[in-house]
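Just the heavy atoms: all of them, side chains too, but no hydrogens, waters or symmetry mates, feed the values below.
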Amino acid sequence: MRIIILFMTIFLVAGCMTEIKPYLKQGEVMDIPGRIASQEKWLAQDVDRKTITFPDAKPILDKLKQIKEKYDRLRSAGVLGDKDSRELNGLLDQTSDSIFRLTQKGKKKFTY
C-alpha cells in the first residue's frame, strides 16, 4: 500500500512540474528588456572609461537597437513566444560576447 502511495505522489509531483514549467519560461521573456538595458549601460561605461572607442561600440549598439525593435514588434503584436524568446536571448548572448571581446582587446596584455 505504501509503495502505491509513493508512486502516486511521484506522478502527482511530476504532473505539477509540467504545468509550472511554461510559467517559468515567461520570466525569460520579461528579462529581455533588462538584458538590453544592461548591455547598453556596459557599452556606455566602457566608452566613458575609454576601454573601447565609440566607433568600435557602434555596431553592437546598432544590433541592440535591432533586437529591441524586434522584441517590441513581437510583443505589441502579441506573438512573442518561447521560440522567439530563445532567439532574442541568443542574439543578446552574441552581443554580450562581442562586448567582452572588445573590452579584452582594449586591455593591455600580460608580459611575462
Side-chain angles (χ1 to χ4, degrees):
M1 181 68 170
R2 290 182 185 190
I3 294 175
I4 293 172
I5 293 173
L6 177 66
F7 281 119
M8 289 177 63
T9 305
I10 291 171
F11 286 118
L12 179 66
V13 169
C16 289
M17 290 305 291
T18 58
E19 293 299 318
I20 292 173
K21 209 175 209 180
Y23 296 112
L24 296 176
K25 289 183 181 178
Q26 288 296 327
E28 292 178 17
V29 173
M30 297 299 153
D31 193 32
I32 292 171
R35 288 189 68 191
I36 292 170
S38 293
Q39 290 185 17
E40 289 173 338
K41 184 176 113 180
W42 294 334
L43 278 171
Q45 288 174 347
D46 287 335
V47 169
D48 287 344
R49 290 183 201 136
K50 299 191 186 325
T51 308
I52 59 175
T53 63
F54 183 75
D56 288 338
K58 182 76 169 115
I60 299 172
L61 287 169
D62 291 342
K63 186 69 173 176
L64 287 171
K65 183 179 176 185
Q66 290 174 354
I67 294 169
K68 186 175 184 178
E69 288 171 353
K70 183 173 184 175
Y71 171 79
D72 290 339
R73 189 174 55 252
L74 291 170
R75 179 99 176 168
S76 66
V79 294
L80 182 63
D82 187 45
K83 181 181 176 186
D84 298 318
S85 174
R86 280 185 297 207
E87 178 188 348
L88 292 171
N89 276 308
L91 291 171
L92 287 169
D93 290 343
Q94 290 174 4
T95 56
S96 180
D97 289 342
S98 298
I99 295 169
F100 177 75
R101 276 186 261 125
L102 269 178
T103 56
Q104 294 303 309
K105 181 178 144 185
K107 292 181 180 177
K108 293 182 180 179
K109 299 183 181 190
F110 286 131
T111 55
Y112 293 98

Problem set entry | Ionic contact status for Lys41 with Asp48, cut-off 4.0 Å | no
Problem set entry | Electrostatic pair Arg86:Asp82 at N-O distance under 4.0 angstrom |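 Yes, charged N to carboxylate O under 4.0 Å.
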Exercise. Taking Ser38 for the side chain and Gly34 for the main chain, is one N or O donor matched with an acceptor at less than 3.5 Å?
Worked result: yes
Exercise. For Asp62, which residues count as a salt bridge (charged side-chain N to carboxylate O under 4.0 Å, His left out) partner, sequence neighbours excluded?
Worked result: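 Per chain and number, Asp62 pairs via salt bridge (charged side-chain N to carboxylate O under 4.0 Å, His left out) with Lys58.
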For this session: Could you tell me which residues satisfy salt bridge (charged side-chain N to carboxylate O under 4.0 Å, His left out) with Asp84, sequence neighbours excluded, listed by chain and number?
Result: none
Exercise. If you measure only the distance, is there a donor-acceptor pair under 3.5 Å linking the side chains of Asp56 and Thr53?
Worked result: yes
Rounded at 0.5 Å granularity, tell me how far [atom1] in [X] sits from [atom2] in [Y].
X	Y	atom1	atom2	value
Lys105	Ser98	NZ	OG	11.0 Å
Leu102	Phe100	CG	CZ	11.0 Å
Asp72	Ile67	CG	CD1	12.0 Å
Leu80	Lys70	CG	NZ	10.0 Å
Trp42	Leu64	CH2	CG	10.5 Å
Glu87	Leu74	CD	CG	8.0 Å

On a heavy-atom basis, which atom in [X] and which in [Y] lie closest, and how many Å separate them?
X	Y	answer
Thr103	Thr51	O-CG2, 3.9 Å
Ala57	Ile52	CB-CD1, 3.9 Å
Phe54	Leu61	CE1-CD1, 3.8 Å

Exercise. Could you go step by step and tell me if Asp93 and Arg35 meet the side chain to side chain contact (heavy atoms under 4.5 Å, CB included) rule?
Worked result: CA-CA 9 Å; Asp93 290 343; Arg35 288 189 68 191; 2.6 Å; yes
For this session: Run through Lys63, Gln66, Gln39 and flag the one making a side-chain hydrogen bond (donor to acceptor under 3.5 Å, both in side chains) with Thr95.
Result: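 With Thr95 as partner, Lys63, Gln66, Gln39 yield a single side-chain hydrogen bond (donor to acceptor under 3.5 Å, both in side chains), made by Gln39.
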